[in-house]
Amino acid sequence: MRRSCTDDPYADIVSVVAPPSFGFEHTFADGLDGLYAEWAPAPVPHPELAVFNESLASELGLDIDHLQSTAGVRALAGDAAPPDARPLAQAYSGHQFGGYSPRLGDGRAVLLGELVDNAGVRRDLHLKGSGRTPFARGGDGKAVLGPMLREYLFGEAMHALGIPTTRALAVVTTGESVTRETALPGAVLARVASSHLRVGTFQYAAATGDAELMDRLVRYAAERHVPAATGETLAEQAAALFAHVVDVQAALIADWMAVGFIHGVMNTDNVTISGETIDYGPCAFLDAYDAATVFSSIDHGGRYAFGNQPAIGAWNLARLAETLVPVVDDDPDRAVQTLTAALEQYPLRFGGSWLTHMRTKLGLVPGSDDDDREVAEGFLAILERREIDFTNAFRDLATSLRTGAPPSFMPVDDDGATSWYHGWLERVDRDAAQRMDAVNPVHIPRNHLVEEALAAATDGDLAPITTLVEVLGRPFERGDVDGRFAQPAPDSFGPYRTFCGT
């Protein structure tokens, strides 16, 4: 653990009793009482940094050295709240696998406050695994190291891929064992987000029957995430907010699909108003392409399968629309009409974003939407039929343009694949390979590599996590990276299952 550089022999003693100020603001706490419980994080016996995100700390304008001091680490663990923090647990509801739960909330997390980063963007700093809160539902409020490192790793990978995401400022071990199936090292994740407002937040506010609370939430969310709507009437702000969430969620899910990402738990409490990916518990990336792929151990019906994500996105947005009906218009019929018109834009927004991704991934010279969609869907059909690795297939196509030889997954005895390949060659130009390499990653969080690194970290070796994060931070570069980071899982890895983070 790195400490502050100083010649003062008493500096570290002082830092223990003087947690650093972060420059927090508290617009959520000031404006939305009724949607949280003030709650202090639980003390921990021996906090130590496991990983620290210096680049994110710099973006936030925080003192990097002080954060890595004894006092800074205690603050990041929740053991000693910064003097300007106002810890609170947020309330929200949620549809979980289609079933409505009226009271969820931060059962093991607290919001410390908000920071305005160097770009002028307001962002939350939130601790996960910081002890039981009034919203805990029978759990111990703790988190273990593996899942917290998983969230750190996936957040950084998604960020490097250009996909909107929450990110982790740090993972801090607590010095205590947490019992799951066995005793595991405890940890706290310090998470940063544009906000932690969710569809479930609106469901909770609506369920209270408190119209004034709902009005405050709509105005707050609109002013924070749709600044262009500032100054409009509340009804106009509500309509603008919903249209915004439709747009950002459609774009986000198209981003996911373009890189083969499966969120795994698209419950309404995990759908952010900001359009950022949140909660990396049961997520994973495709190896062999199959639209029916499910990794989550609890998704028995395949509700959140890879190919179902666009439809689930629309379903979740409909739940948000239901909460906004009384705010959008005093006449419920007119409100439904307004919200339905906005929701009907979702398939157009998603379809347009997805097709744009596929055009660039395939290097197509743009043609008609129908023709380009046929080329893209034809390629995916080949990958699915032949069980081809999704990520590598696009890079192999680009390589084929340079070598003049078809990729190995399109053998000459497959008439359908051969026909598609020659048709594709007619739709690309000589610069296509370069364009394709700029958008098709070489490195993604391969499931077997993630598990390997997390197992090592649980056993006390953080080097594999550090290396993997570094590789994933340059997803489009082969460079001098060991080739194993770009390879699918070996057959010995077997079927993969993910679990909600514990």
Side-chain angles (χ1 to χ4, degrees), residues 1-3 47-59 64 67-68 73 76 128 143-163 165-173 184-192 259-262 277 280-287 295 389-392 395 437 440-494 496 498-499 501:
M1 181 175 67
R2 202 172 118 210
R3 299 181 186 272
E48 291 188 359
L49 274 181
V51 290
F52 178 68
N53 196 332
E54 288 199 17
S55 64
L56 180 55
S58 180
E59 286 179 30
I64 291 173
L67 280 178
Q68 295 178 96
V73 173
L76 292 170
K128 184 174 181 179
V144 298
L145 179 62
M148 298 303 96
L149 287 173
R150 178 185 178 85
E151 185 152 346
Y152 180 93
L153 184 153
F154 272 90
E156 290 307 286
M158 296 288 269
H159 176 69
L161 288 165
I163 298 173
T165 181
T166 58
R167 297 173 68 190
L169 179 60
V171 176
V172 180
T173 57
L184 296 168
V188 173
L189 176 89
R191 182 167 65 193
V192 174
V259 294
F261 176 77
I262 305 174
T277 312
Y280 288 105
C283 72
F285 279 72
L286 292 172
D287 280 325
F295 290 115
D389 183 81
F390 179 78
T391 301
N392 287 343
R395 297 292 295 212
D437 284 351
N440 290 312
V442 178
H443 301 118
I444 59 168
R446 294 280 181 181
N447 303 324
H448 64 297
L449 297 176
V450 171
E451 293 303 319
E452 175 186 291
L454 295 182
T458 299
D459 289 339
D461 181 5
L462 291 168
I465 278 285
T466 300
T467 299
L468 188 54
V469 170
E470 290 174 353
V471 169
L472 296 175
R474 305 186 306 276
F476 305 105
E477 302 174 18
R478 289 195 187 276
D480 57 357
V481 177
D482 189 324
R484 74 187 186 93
F485 287 100
Q487 295 305 310
D491 291 341
S492 60
F493 185 62
Y496 186 52
T498 58
F499 303 86

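- In this structure, R150 contributes its side chain and G281 its backbone to a donor-acceptor pair below 3.5 Å.
- Across L145 and A457, no two heavy atoms sit closer than the pair CD2-O, 3.6 Å.
- The pair R446-D389 meets the salt-bridge criterion, since a charged nitrogen lies less than 4.0 angstrom from a carboxylate oxygen.
- The line from CG of L472 to CZ of F485 is 8.5 Å long, rounded to the nearest 0.5 Å.
- Across P490 and H448, no two heavy atoms sit closer than the pair CD-CD2, 3.8 Å.
- Residues V51 and V469 are not in side-chain contact: their nearest non-hydrogen atoms beyond the backbone lie 4.5 Å or more apart.
- For the atom pair I465 CD1 and L149 CG, the distance stands at 5.0 Å (nearest 0.5 Å).
- Between the side chain of T173 and the backbone N or O of E48, at least one donor-acceptor pair lies under 3.5 Å.
- For the atom pair L468 CG and L153 CG, the distance stands at 4.5 Å (nearest 0.5 Å).
- Using a 30° and 60° split on the angle between ring planes, F285 and F261 fall in the perpendicular class, above 60°.
- Listed for the Q68 side chain is a donor-acceptor partner under 3.5 Å among the backbone atoms of I64.
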| request: Decide yes or no on side-chain contact (heavy atoms from CB on, under 4.5 Å) for V171 and E151, but give the supporting numbers first. | output: CA-CA 9 Å; V171 176; E151 185 152 346; over 6 Å; no

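- With a 4.5 Å cut-off on side-chain heavy atoms, V442 and E477 do not count as touching.
- Contact record, F476 with L161: CZ-CD2, 4.1 Å, taken as the closest heavy-atom pair.
- To the nearest 0.5 Å, atoms CZ (F154) and CD1 (I444) are separated by 8.5 Å.
- Residues P464 and A456 share a closest heavy-atom pair of CG-CB, 3.7 Å.
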| said: Under the criterion side-chain contact (heavy atoms from CB on, under 4.5 Å), I'd like the reasoning laid out for M148 against V188: C-alpha separation, chi angles, the key distance, then a yes or no. | reply: CA-CA 7 Å; M148 298 303 96; V188 173; over 6 Å; no

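- Side chains of Y280 and T165: a donor on one and an acceptor on the other come within 3.5 Å.
- The nearest pair of heavy atoms linking V259 to F390 is C-CE2, 3.6 Å.
- Across all non-hydrogen atoms, the minimal contact from T498 to C283 is CG2-O, 3.5 Å.
- Annotation: the span from T391 atom OG1 to N440 atom CG amounts to 9.0 Å, rounded to 0.5 Å.
- Listed for the T458 side chain is a donor-acceptor partner under 3.5 Å among the backbone atoms of L454.
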| said: The test is side-chain contact (heavy atoms from CB on, under 4.5 Å); show your working for R474 and V481 and say whether it passes. | reply: CA-CA 10 Å; R474 305 186 306 276; V481 177; 3.7 Å; yes

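- Side chain of R167 to main chain of E156: no donor-acceptor pair is present (N/O by atom type, distance under 3.5 Å, no hydrogens or angles).
- Atoms CG and CG, from L169 and L67 in turn, are 6.0 Å apart once rounded to the nearest 0.5 Å.
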